[in-house]
Each structure stands twice: as C-alpha cells, then as structure tokens.
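Below you'll find the structure, written out as structure tokens, and then a few comments.
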Amino acid sequence: MDIANLINAGGHLGIIGVYPKANPAADNEDEKQGNIMFPLGKLWEKGITIGMGQTPVKQLHVFLRNLIFDGKAKPSFIVSDRISIEDAPQIYTQVR
C-alpha cells in the first residue's frame with residue numbers, strides 16, 4: 001500500500017524528517033541521489049496538499065530544553081537502549 005491510498009481525497013500530507021541531497025548508503029540509485037519516489041499522479045487526482053520544510057531548530061531548542069528542565073516534557077520515553085560511547089561506532093554499523 002502506498003501513501004496515496006491512505007490519505008482521504010482533499011487531505012494533507014506533511015513530510016517530516018531529514019532528507020539529505022544525497023544518501024550513498026541508500027538501497028537504490030534514485031535514493032542515493034536524494035530522489036524519493038512517491039505516486040504524484042494519485043496524489044494529484046485526490047487533490048492532496050503536500051507540505052514540507054525544515055524544523056526551525058535554532059528557534060526552538062532553548063524553549064524545548066526549558067520544558068525538559070521544568071519537568072513539563074519527558075523525552076526519555078523514546079529511549080530503548082543505552083550504550084557506552086565506546087560502543088557507538090560498532091552499534092551504528094549494525095543498525096544502518
């Protein structure tokens with residue numbers, strides 16, 4: 001199933017994440033060049049609005065840090081494992 005089948009007609013698609021101009025470790029030639037394929041024709045027919053952009057990290061980092069310091073945000077729930085810094089290079093190659 002592709003994204004166009006999941007979105008209702010007239011819906012909105014927000015693309016989040018980090019998308020480099022090139023990704024040499026990608027699985028196919030298009031993605032190695034930073035080209036991510038999606039069904040534009042289906043999205044067009046359904047009248048989907050697509051939005052994307054970079055998060056304004058420099059504008060938010062102090063605000064978010066203060067939420068953590070004040071106990072209002074607890075991002076630790078997303079931590080699944082803890083490793084030593086010495087093990088990081090080996091772990092990185094395993095999950096890549």
Side-chain angles (χ1 to χ4, degrees):
M1 178 170 294
D2 63 48
I3 191 69
N5 291 329
L6 296 173
I7 302 174
N8 289 331
H12 302 275
L13 171 61
I15 301 174
I16 61 172
V18 177
Y19 298 95
K21 292 180 183 177
N23 180 4
D27 294 332
N28 64 56
E29 288 305 314
D30 284 320
E31 291 180 9
K32 285 180 182 181
Q33 296 175 31
N35 300 320
I36 299 179
M37 301 300 167
F38 61 97
L40 185 59
K42 279 187 189 179
L43 295 169
W44 186 274
E45 287 176 349
K46 293 177 84 173
I48 304 302
T49 300
I50 301 173
M52 65 188 91
Q54 294 183 349
T55 302
V57 177
K58 291 182 179 182
Q59 295 174 9
L60 297 173
H61 75 283
V62 173
F63 172 75
L64 295 173
R65 181 206 60 197
N66 289 343
L67 288 177
I68 295 167
F69 286 166
D70 295 342
K72 296 177 182 174
K74 300 185 186 299
S76 60
F77 77 92
I78 64 171
V79 176
S80 61
D81 295 286
R82 293 183 187 272
I83 62 169
S84 70
I85 193 69
E86 292 81 16
D87 293 336
Q90 179 186 358
I91 299 295
Y92 179 77
T93 60
Q94 292 174 3
V95 298
R96 222 173 109 199

Self-check item: Met37-Ile7 co-clustered via ILVMFWY side chain contacts under 4.5 Å
Solution: no
Quiz item: Honestly curious: do Ile16 and Leu13 fall in one hydrophobic cluster under the side-chain, below-4.5 Å linking rule?
Solution: no
Self-check item: Fellow cluster residues of Trp44, listed by chain then number, with links counted only when side-chain atoms sit under 4.5 Å apart
Solution: none
Quiz item: Is any side-chain heavy atom of Ile50 less than 4.5 Å from a side-chain heavy atom of Ile15?
Solution: yes
Practice problem: Look up atom CD1 in Ile48 and atom CG in Asn8, then write down how far apart they are to the nearest 0.5 Å. | Solution: 7.5 Å
Quiz item: Taking only residues two or more places apart in sequence or in another chain, which ones pass side-chain hydrogen bond (donor to acceptor under 3.5 Å, both in side chains) with Lys42?
Solution: Asp2
Side-chain donor-acceptor contacts of residues 58-83 below 3.5 Å, not counting sequence neighbours, with atom names and distances?
unit_1: His61; atom_1: ND1; unit_2: Val57; atom_2: O; d: 3.4
unit_1: His61; atom_1: ND1; unit_2: Lys58; atom_2: O; d: 3.2
unit_1: Asn66; atom_1: ND2; unit_2: Val62; atom_2: O; d: 3.4

Quiz item: Hey, does the side chain of Lys46 reach the backbone of Ala4 with a donor-acceptor pair shorter than 3.5 angstrom?
Solution: yes
Show me, pair by pair, the donor-acceptor contacts under 3.5 angstrom made by side chains of residues 24-34, not counting sequence neighbours?
unit_1: Asn28; atom_1: OD1; unit_2: Asp30; atom_2: N; d: 3.1
unit_1: Asn28; atom_1: OD1; unit_2: Glu31; atom_2: N; d: 2.8

